[in-house]
Enquirer: 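One structure coming up, written as structure tokens, with questions to follow.
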Number of protein chains: 2
Amino acid sequence: MNKSENIVVWLIEDNASYRRSVARAIDSEAGMICGGAFDSFEAAQQQFESAGDPDVVLLDVGLPGMDGIEALGEIRKLHAAANVIILTVFDDHDKIFRALCAGASGYLLKTSKVEEIADAIRQAREGGAPMTPKVASRVLEFFSKQPAARKKNSAYDLTAREQEILALMSDGLIKKEIADRLDISSHTVSTHLRSIYEKLHVNTNTGAVAKAIREKII
Amino acid sequence: MNKSENIVVWLIEDNASYRRSVARAIDSEAGMICGGAFDSFEAAQQQFESAGDPDVVLLDVGLPGMDGIEALGEIRKLHAAANVIILTVFDDHDKIFRALCAGASGYLLKTSKVEEIADAIRQAREGGAPMTPKVASRVLEFFSKQPAARKKNSAYDLTAREQEILALMSDGLIKKEIADRLDISSHTVSTHLRSIYEKLHVNTNTGAVAKAIREKII
DNA sequence: TCGACAATCGCACGATGGTGTGAGGGACAT
DNA sequence: ATGTCCCTCACACCATCGTGCGATTGTCGA
């Protein structure tokens, strides 16, 4: 966050009048300030060093030039701490899905009232996921189409702790890191892994990870 | 929706005092009414015919008796039109994920203020997905771990040999076994793995295997 | 012809992992 | 109360791995 209490918001939007309108709405809101308004990602990019760091970026994914989703990826790389909220007219499944996968913190349609944008910015800073109802329903739809809500654990009878450790190892962590993360001894991790290997009928870390991911145990 | 303008809310929650507190908050809110407050799903079930139909159901997944997620499924079957909002103390990944897959319209933690519950009910009726920030961040996390978007499609530029070795390691083979299988020296396997790790930006065998499988490189 | 690169092989070091063996405490059901 | 899990921790031995530092081939395009 910023040293001041204000949330610094950047706006990347090619439509000049809409951009001004949103920028004004943000500035008139207490607790936040529009620190930059750009008509393309490239324009914003040049300011990333000179103009301080944004807390929140409002991004249109229908930008000319670079594809909006790629821009999102770039922003995330340049600025992992910033929350990126998509603000666009597109509500198709693919754009929404790709944006969320690329690390968007929220997804608003331009049908939203400008006053609601301020709320969304605050929500995003609190770890929330501000979404227009229409977008939210598509996200829920995605989950409800997920098959079977994941059955227990495919007959391997892993305990909760074992699954936890297996999951961490499948993220590439080594024993010591897992031990630190769970705040237990690395010897204990070894003991759990021993049980996991036995239950999965493998005898290497790679074998366990492969089986875990392939059979969707984790 | 109901013929009246009021949103009819049912509450299934075993803690009596919390139940009363929430019921009161709903009734005191304009535009909605608590049409039923039950301490278990079974109790609610008996009223499903006699007591009219709820528009929204607030459901605790930590109920005694039937598992909350199963109850959610039952409610969805008996009442496809109702929005079910989970209201619980549990914020673990598994419960959230299973609830959303089972068709929940929202997921609130009991740390929420009772006043926020009314907002959530309205959001749900508008097709939104009311979620406590903590829950929302877990949902986002889920998407950001989806490989779909970041697949520039094998943008990792692995050579054929590297892919071959990565595939074998993802089957649980160790270096020596891979060397034997390919009829090359284990040192050579080491060299290839070195390149693989560099290209995938990992530094452990498990990390490489996890990335390989999840991003469908192999 | 020359450089870039893939594929092969080697050695050595320290770090990490797998496994045998052992143990204590807590939760829970018979 | 007794036994059965689960989780926890410990030590030791050896295998395996990650990596820095080499090296020699062959292919392929510039």
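Sequence lines set the chain letters: A, B, ... in the order given, protein chains first and strands last, and positions in each chain run from 1.
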Enquirer: Report, one line per pair, each donor and acceptor closer than 3.5 Å where one atom sits in a side chain of residues 22-29 of chain B; sequence neighbours left out.
Expert:
from	atom 1	to	atom 2	distance (Å)
Asp27(B)	OD1	Cys34(B)	N	2.9
Ser28(B)	OG	Arg24(B)	O	3.4
Ser28(B)	OG	Ala25(B)	O	3.0
Glu29(B)	OE2	Arg122(B)	NH2	3.0

Enquirer: Hey, is the side chain of Arg194(B) poking within less than 4.0 Å of OP1 or OP2 on dG20(D), counting only N and O atoms?
Expert: no

Enquirer: Output all residues satisfying salt bridge (charged side-chain N to carboxylate O under 4.0 Å, His left out) with Lys175(A), sequence neighbours left out; order by chain, then residue number.
Expert: none

Enquirer: How far apart are the C-alpha atoms of Asp171(B) and Arg214(A), what are their side-chain angles, what is the distance that settles it, and do they pass the salt bridge (charged side-chain N to carboxylate O under 4.0 Å, His left out) test?
Expert: CA-CA 10 Å; Asp171(B) 280 336; Arg214(A) 288 217 169 92; 3.7 Å; yes

Enquirer: Using whole Å, what does the distance between atom C1' of nucleotide dT19(D) and atom CD1 of Ile196(B) come to?
Expert: 15 Å

Enquirer: Please report the end-to-end axis angle for the helix from dT1(C)-dA30(D) to dT30(C)-dA1(D), five pairs per end, rounded to 10 degrees.
Expert: 50°

Enquirer: Please report the distance, rounded to the nearest Å, between OH in Tyr197(B) and P in dG20(D).
Expert: 13 Å

Enquirer: How would you list, by chain and number, every residue that makes a side chain to side chain contact (heavy atoms under 4.5 Å, CB included) with Ala104(A), sequence neighbours excluded?
Expert: Leu72(A), Ile86(A), Ala99(A), Leu100(A)

Enquirer: Mind running a 4.0 Å heavy-atom check of residues 183-193 of chain B against DNA chain C and sending the residues that fall below it, in number order?
Expert: Ile184(B), Ser185(B), His187(B), Thr188(B), Thr191(B), His192(B)

Enquirer: Looking at residues at least two apart in the chain, or sitting in another chain, which of them share a side chain to side chain donor-acceptor pair (under 3.5 Å) with Asn205(B)?
Expert: Asn205(A)

Enquirer: Can you name the side chain to side chain contact (heavy atoms under 4.5 Å, CB included) partners of Thr191(B), sequence neighbours left out?
Expert: none

Enquirer: For the pair made of CG in Asn205(B) and P in dT19(D), what is the distance, rounded to whole Å?
Expert: 11 Å

Enquirer: Which is the 5'-most and which the 3'-most nucleotide of DNA chain C that has an atom under 4.0 Å from a heavy atom of chain B?
Expert: dA6(C) to dC11(C)

Enquirer: Which residues pass the side chain to side chain donor-acceptor pair (under 3.5 Å) test with Arg161(A), sequence neighbours left out?
Expert: Glu164(A)

Enquirer: Does a side-chain N or O of Thr159(A) approach OP1 or OP2 of dC7(D) to a distance below 4.0 Å, or not?
Expert: yes

Enquirer: Rounded to the nearest angstrom, tell me the gap between atom CD in Glu162(A) and atom P in dT8(D).
Expert: 11 Å

Enquirer: Output all residues satisfying side chain to side chain donor-acceptor pair (under 3.5 Å) with Thr188(B), sequence neighbours left out; order by chain, then residue number.
Expert: none

Enquirer: Inspect the contact between Asp60(B) and Arg19(B) and indicate whether a charged nitrogen and a carboxylate oxygen are less than 4.0 angstrom apart.
Expert: no

Enquirer: Could you pull out all donor-acceptor pairs under 3.5 Å where a side-chain atom in residues 177-186 of chain B meets a protein atom, sequence neighbours excluded?
Expert:
from	atom 1	to	atom 2	distance (Å)
Glu177(B)	OE1	Ile174(B)	N	3.0
Ser185(B)	OG	His187(B)	N	2.9
Ser185(B)	OG	His187(B)	ND1	3.4

Enquirer: Test of understanding: with side chain to side chain donor-acceptor pair (under 3.5 Å), list the residues that count as partners of Asp91(A), not counting sequence neighbours.
Expert: Lys134(A)

